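Written below as structure tokens is the structure these notes are about.
Residue numbers run from 1 in the order of the sequence given. As the structure is a prediction and not an experimental result, all values here were calculated from the model.
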Amino acid sequence: IVVTGSDDHLWKMWALPDGNIIMTGEGHTDWLSGCCFHPSGTQLVTSSGDTTVQIWDFSKRGCILTFEGHARTVWDCSWHSCGDFVASASMDNTSKIWDVNSERCRYTTCGHKDSVNSIEFLPFSNTVLTSSADKTLSLWDART
């Protein structure tokens with residue numbers, strides 16, 4: 001499976017090796033910057049220049065949830081290994097931990113002096129790693 005974005009704000013999921021389109025997503029209003037599969041493979045999270053993070057459900061063939069709260073472009077997104085939390089990294093110098101079940105932001109990191117460019121959960125842990133244009137890496141405890 002390959003996921004691609006385009007200038008028309010659509011993303012497409014392609015099956016390999018036959019090249020058939022499995023699903024097309026339309027919902028972001030600006031370019032796509034990142035995507036990550038849910039640990040179970042049933043959903044996809046995407047980040048965008050429109051400052052949002054969206055969750056897409058394959059069985060429903062569409063967007064089921066949009067997280068809003070970043071002030072600038074969201075560069076990256078990642079699922080926690082339990083599948084209940086999504087992390088996002090933004091050009092607004094913050095990252096956020098989103099609770100999928102309650103549909104709200106649980107935690108906002110503040111400390112980077114420049115754009116947060118990538119984010120990743122340590123597998124089976126509450127630790128989040130961010131990288132920033134301020135030339136630093138930071139480890140965060142998502143529980144506090």
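Using a 4.5 Å cut-off between side-chain heavy atoms of Ile, Leu, Val, Met, Phe, Trp and Tyr, with links allowed through other members, Leu65 and Leu44 fall into different hydrophobic clusters. Criterion: ILVMFWY side-chain heavy atoms under 4.5 Å apart, direct or through other members. Under it, Val45 and Trp56 are not part of a common hydrophobic cluster. In this structure, Ile119 is a member of the same hydrophobic cluster as Phe85, with clusters built from ILVMFWY side-chain heavy atoms closer than 4.5 Å. Under the 4.5 Å side-chain contact rule for hydrophobic residues, Leu139 and Leu137 share a cluster. No single ILVMFWY cluster, assembled from side-chain heavy atoms under 4.5 Å apart, contains both Ile97 and Phe67.
Residues Pro123 and Ser81 come closest through the heavy atom pair C-OG, 4.2 Å. In terms of heavy atoms, Ser115 sits closest to Ser132 at O-OG, 2.9 Å. Closest of all the heavy-atom pairs between His38 and Thr42 is ND1-OG1, 4.3 Å.
Checking side-chain atoms of Asp92 against main-chain N and O of Ala71 turns up a donor-acceptor pair under 3.5 Å. Side chain of Ser33 to backbone of Val74: a donor-acceptor contact under 3.5 angstrom is found. Listed for the Ser47 side chain is a donor-acceptor partner under 3.5 Å among the backbone atoms of Gly34. With Asp50 contributing its side chain and Thr29 its backbone, the two residues share a donor-acceptor pair below 3.5 Å. At distances below 3.5 Å, at least one donor-acceptor pair connects side-chain atoms of Ser48 with backbone N or O atoms of Asp30.
The aromatic rings of Trp31 and Trp75 sit tilted, their planes meeting at an angle between 30° and 60°.
Between Val128 and Leu122 there is no side-chain heavy-atom pair separated by less than 4.5 Å. In this structure, Ile64 and Gln43 have side chains that are in contact, with non-hydrogen atoms separated by less than 4.5 Å. Residues Glu68 and Thr66 form a side-chain contact, since some pair of their non-hydrogen atoms from C-beta on lies under 4.5 Å apart. Side-chain contact between Trp79 and Val100: present, with at least one pair of heavy atoms (C-beta onward) separated by less than 4.5 Å.
By the 4.0 Å N-to-carboxylate-O rule, Arg104 lies too far from Asp99 to be salt-bridged with it.
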Exercise. Mind running side chain to side chain contact (heavy atoms under 4.5 Å, CB included) on Val86 and His80 for me, showing each step along the way?
Key: CA-CA 6 Å; Val86 167; His80 186 275; over 6 Å; no

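Between the side chains of Ser88 and Lys96, no donor N or O sits under 3.5 Å from an acceptor N or O. In this structure, a donor-acceptor pair under 3.5 Å is absent between the side chains of Ser95 and Trp140. No donor-acceptor contact under 3.5 angstrom links the side chains of Thr94 and His112, judged on distance only.
Rounded to the nearest 0.5 Å, atoms OG1 (Thr52) and NE2 (His70) are 10.0 Å apart. In this structure, OG on Ser131 lies 10.5 Å from CD on Glu120, to the nearest 0.5 angstrom. A distance of 9.5 Å separates CG of Asn93 from OG1 of Thr109, quoted to the nearest 0.5 Å. In this structure, CZ in Arg106 is found 10.5 Å from CG in Asp84, a value given to the nearest 0.5 Å. The structure places CG of Asn117 at 9.0 Å from CG of Asp134, a figure rounded to the nearest 0.5 Å. With values rounded to the nearest 0.5 angstrom, Cys77 atom SG is found 9.5 Å from Ile55 atom CD1.
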